[in-house]
Amino acid sequence: TKPVRRYPGDGALHPSIITFSYHVNDIPYVGKLYVPHTSRTPQVGETIPVFYDPANPKKYACYAFGPAGT
């Protein structure tokens, strides 16, 4: 079975898709990241590590944020 989110803040574990922005040489880029229910979802305004290809900054990677509940 999969956890069901009944309403925001109900404490259910659920996967998320976050949208974030990053800048390379003053050029803004936007990315998205799937965060599984087993990982902690970053809070709004939280800084997250983004790794990008210097030859093509549109290519990026992010890592998981630790176990859920931390």
Side-chain angles (χ1 to χ4, degrees):
T1 64
K2 294 183 180 181
V4 175
R5 185 173 185 177
R6 296 173 192 250
Y7 55 89
D10 64 2
L13 292 177
H14 57 280
S16 301
I17 296 176
I18 64 169
T19 301
F20 57 89
S21 62
Y22 60 104
H23 290 75
V24 178
N25 299 325
D26 293 325
I27 299 172
Y29 295 90
V30 175
K32 290 188 178 188
L33 178 65
Y34 172 82
V35 181
H37 75 278
T38 55
S39 294
R40 182 181 66 80
T41 301
Q43 299 298 308
V44 173
E46 181 177 344
T47 299
I48 62 171
V50 176
F51 303 90
Y52 63 89
D53 179 352
N56 185 358
K58 290 181 183 179
K59 293 183 180 180
Y60 62 86
C62 293
Y63 290 99
F65 303 102
T70 59

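Numbering starts at 1 and runs along the sequence shown. FYI, side chains are in, hydrogens and waters are out, and symmetry mates aren't considered; it's all heavy atoms of this structure.
With hydrogens and angles disregarded, no donor-acceptor distance shorter than 3.5 Å links the side chain of Y29 to the backbone of F20. Side chain of D53 to backbone of A55: a donor-acceptor contact under 3.5 angstrom is found. Although no hydrogens or angles enter the test, the distance criterion places no donor-acceptor pair under 3.5 Å between the side chain of Y22 and the main chain of G31.
Residue P49 comes nearest to C62 through the heavy atom pair O-SG, 3.7 Å, listed as atom of the first residue, atom of the second, then distance. Annotation for Q43 and E46: closest pair N-OE1, 2.9 Å, computed over non-hydrogen atoms. Annotation for V35 and R40: closest pair CG1-O, 3.7 Å, computed over non-hydrogen atoms. Between P15 and Y34 the shortest heavy-atom distance is CB-OH, 3.3 Å.
Here L33 contributes atom CG and I48 contributes atom CD1; the two are 6.5 Å apart, rounded to the nearest 0.5 Å.
Considering only heavy atoms from C-beta on, I27 stays 4.5 Å or farther from P57 through its side chain.
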